[in-house]
Amino acid sequence: MNKTVILFAISFLWLSSCSHSPNPLILIETDLGPIEAEIYLKEAPITAANFLYHIDVGTFQAHETVFYRVVRSDNQPYSATKIEVIQGGLYDDELIDAITPIAHETTQTTGIKHTDGVLSMARNEPGTASTEFFICIGDQPGLDYGGSRNSDGQGFATFGKVTKGMDVVKIIQMESDSGQYLLEPVRIRSIRRI
């Protein structure tokens, strides 16, 4: 009887552990609160591995990292395709330009659409993303492959999704800005695996 109970307990624990997400989890600690996210390493191997690499080697810790840009419906009067996101990273163009960019993984390739809470890489031309990222607030199909936010139609490279802390994301989005750039950027104290 005891052996049966023990075997059942071990089997239950093993099955329970199998049901948890195998994806890496990260914690973004900001001055306004924590944001947890799951990183989709299997679906977006290039983009997700790049983001985790910069966490692991301390790129975000070695430099002042902030959320510095907020996009809302009221601060993009000339954009035909409206979006809602907060953007963060190193912010300093000189630092960003010194980092090797990665190949562009489209949402058509990864299957990860720009839905509420999704993390994606900021870029200029396709293949220029490195450290700057954004978080979607609400569904943003205009940022997907074939979307109309960029004239090249390639969209942005998604790689994860917020699992806790969307309330913090929304608080950051409502901070005072000038031309989408925060008057006082929100400091990211750390980005680390959990």
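What you see is a predicted model, and the numbers here were worked out from it, not measured in a lab. Only this structure's heavy atoms are used, side chains among them; waters, hydrogens and symmetry mates stay out. When a residue number appears, it is its place in the shown sequence, counting from 1.
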Donor-acceptor pair, D139 side chain versus D116 backbone, under 3.5 Å? yes

Where at least one partner belongs to [range], residue pairs that pass ring pair (Phe, Tyr, Trp, His ring centres under 6.0 Å), sequence neighbours excluded:
range            : result
residues 135-157 : F134-F156
residues 158-194 : F51-F159
residues 24-46   : none

Lys/Arg N to Asp/Glu carboxylate O, K82 vs D74, below 4.0 Å: no

Among all residues two or more places apart in sequence or in another chain, which pass the side chain to side chain contact (heavy atoms under 4.5 Å, CB included) test with [X]?
X    : value
I46  : I102, A103, E105
I194 : L25, L27, E36, R192
S79  : Q76, R149
E184 : none

Where is the tightest heavy-atom contact between [X] and [Y], given as atom of each residue plus distance?
X    : Y    : value
A37  : L119 : CB-CD1, 4.0 Å
S130 : I96  : OG-CG2, 3.7 Å
P126 : Q154 : CG-CG, 3.9 Å
I112 : A44  : CD1-CB, 4.1 Å
I83  : V71  : O-CG1, 3.5 Å
I35  : F67  : CD1-CE1, 4.2 Å

Nearest 0.5 Å, please: how far is [atom2] in [Y] from [atom1] in [X]?
X    : Y    : atom1 : atom2 : value
E175 : R72  : CD    : CZ    : 9.5 Å
Q61  : I55  : CD    : CD1   : 9.5 Å
M166 : I171 : CE    : CD1   : 11.5 Å
D144 : K113 : CG    : NZ    : 5.0 Å
R187 : T65  : CZ    : OG1   : 10.5 Å
L90  : T131 : CG    : OG1   : 4.0 Å

Can you list the steps and then say if R193 with D56 is a salt bridge (Lys or Arg N to Asp or Glu O under 4.0 Å)? CA-CA 8 Å; R193 293 186 191 236; D56 294 342; 2.8 Å; yes

Can you list the residues that meet the side chain to side chain donor-acceptor pair (under 3.5 Å) rule with [X], with sequence neighbours excluded?
X    : result
H54  : N50, T59
Q140 : none
T106 : T109
S120 : H114

Measure the shortest side-chain to side-chain distance between [X] and [Y] over non-hydrogen atoms and say whether it is less than 4.5 angstrom.
X    : Y    : answer
P24  : L52  : yes
R123 : D152 : yes
I135 : V85  : no

Counting only heavy atoms from other residues, nucleotides and ligands, does the tally under 6.0 Å from NZ of K170 exceed 12? no

Take atom CD in E29; do more than 12 heavy atoms of anything else shown fall under 6.0 Å from it? yes

Please check if [X] and [Y] belong to a single hydrophobic cluster, counting links between Ile, Leu, Val, Met, Phe, Trp and Tyr side chain heavy atoms closer than 4.5 Å.
X    : Y    : result
L143 : V162 : no
V70  : V186 : yes
I26  : I172 : yes
I137 : V118 : no
L182 : V66  : no

Can you list every side chain to side chain donor-acceptor pair (under 3.5 Å) pair that touches residues 84-93, not counting sequence neighbours? Y68-Q87, R69-Q87, E84-Q173

Side chain to side chain donor-acceptor pair (under 3.5 Å) assessment of T158 paired with T107: CA-CA 7 Å; T158 52; T107 58; over 6 Å; no

